[in-house]
Novice: 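The structure that follows is given in the form of structure tokens.
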Amino acid sequence: MVGPKRPVIVLFGSSIVQYSFRNGGWGATLADLYSRQADVVVRGYAGWNSRQALQVLTTVFPKDSLVQPSLVIVYFGGNDSCKRHPYGLSPHVPLSEYKENMRRIGLYIRGLSETTRVIFLSCPPVSEKMLVESTRTHEACREYSNSCIEMCNELSRTDPSFKVIDMFSAIQKRRDWADTCFVDDGIHFSAVASDILAAEILKAICEAKWDPSLYLDNLQTEFEDVMYPIQPLTQ
């Protein structure tokens, strides 16, 4: 830990998270915007599903840690939504299990501290005309997105610490989304999609009725009262 102490924002998920610092990625944007107010930490695991995430949850987020995150942004679903393989050689997770896994992940993270908040990212669409593999479909992404949103809405009815971003709908607000929001594989985000997601995350944080607030304008800027030039240090 590098002091002074700041709020910690953890990005936890599969490749959408792991690659979020590449080429104008949404994680890099958040880290830049919060550069003197909070630490943005990436815990991304390409190819993983919610089942694998649940298995390592206590290792990634130990309850006895001296510093607990103020916010965890959770994304799993794209791999879960892949088609089932007859011999189990697929990251597919059945829809009902996926929903329960995400609920358990959310509740565990929320229990890390009284002030730990959770934002779920629902499954984004895929550009079927760009796909280089046949294991994913736009319709399956829609189903898993809806399941994540439904699960989070159930949690947030009794605990406002939970919020969800409907990535499936947000990305498709652009008329040319299928051509501009993904890299060549039709799955992973281009800078265009990352800009959309970063804006949605900031909007969710701004609108959240969290105490303390984690919105940029409400956080202290580190060393904002230090004036320059400063006097040279005495020997």
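Given the structure is predicted, the values throughout are model-derived calculations rather than measurements.
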Novice: When rounded to the nearest 0.5 angstrom, what distance separates OH in Tyr75 from CG in Leu197?
Specialist: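 That separation rounds to 10.5 Å.
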Novice: Determine whether the aromatic ring centres of residues Trp26 and His188 are separated by less than 6.0 angstrom.
Specialist: no
Novice: What distance separates Asp80 CG from Ser90 OG, expressed to the nearest 0.5 Å?
Specialist: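 These two atoms lie 9.5 Å from each other.
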Novice: Are the aromatic rings of Phe12 and Phe61 close, with centres under 6.0 Å apart?
Specialist: yes
Novice: Looking at Gly78, is its backbone amide N or carbonyl O close enough to the side chain of Ser81 to form a donor-acceptor pair, meaning the two atoms are under 3.5 Å apart?
Specialist: yes
Novice: Any donor-acceptor pair under 3.5 Å linking the side chain of Thr137 with the backbone of Ala140?
Specialist: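 Answer holds: yes.
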Novice: Give me the atom names and distance for the closest heavy-atom approach of Gly25 to Ser194.
Specialist: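 Between these two residues, the closest heavy atoms are CA-OG, 3.5 Å.
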Novice: Under a 3.5 Å distance rule, please check whether Ser65 uses its side chain to pair with a backbone N or O of Pro62 as donor and acceptor.
Specialist: no
Novice: Find the distance between CD (Glu200) and NZ (Lys203) and round it off to the nearest 0.5 Å.
Specialist: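 Here the rounded value is 5.5 Å.
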Novice: Could you check whether Thr221 and Arg36, counting side-chain N and O atoms only, form a donor-acceptor pair closer than 3.5 Å?
Specialist: no
Novice: In a check of side-chain hydrogen bond (donor to acceptor under 3.5 Å, both in side chains) between Arg6 and each of Gln37, Gln220, Glu222, which one passes?
Specialist: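 Answer after filtering Gln37, Gln220, Glu222: Glu222.
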Novice: Please check if Val93 and Ile105 belong to a single hydrophobic cluster, counting links between Ile, Leu, Val, Met, Phe, Trp and Tyr side chain heavy atoms closer than 4.5 Å.
Specialist: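 Same cluster.
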Novice: Is there a side chain to side chain contact (heavy atoms under 4.5 Å, CB included) between Val192 and Arg174? Walk through the geometry before answering.
Specialist: CA-CA 10 Å; Val192 173; Arg174 276 189 68 110; 3.7 Å; yes
Novice: I would like to know whether Leu107 and Arg103 meet side chain to side chain contact (heavy atoms under 4.5 Å, CB included); could you show each step before the answer?
Specialist: CA-CA 6 Å; Leu107 289 172; Arg103 184 193 308 277; 4.0 Å; yes
Novice: Would you say the side chains of Arg51 and Asn79 form a donor-acceptor pair under 3.5 Å?
Specialist: no
Novice: Distance from Ser190 atom OG to Arg22 atom CZ, nearest 0.5 Å?
Specialist: 14.0 Å
Novice: Working to the nearest 0.5 Å, report the span between OG of Ser96 and CG of Asn101.
Specialist: 9.5 Å
Novice: For His92 and Tyr98, I'd like to know if the aromatic rings sit close, meaning centre-to-centre distance below 6.0 Å.
Specialist: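 For His92 and Tyr98, the ring centres are not under 6.0 Å apart.
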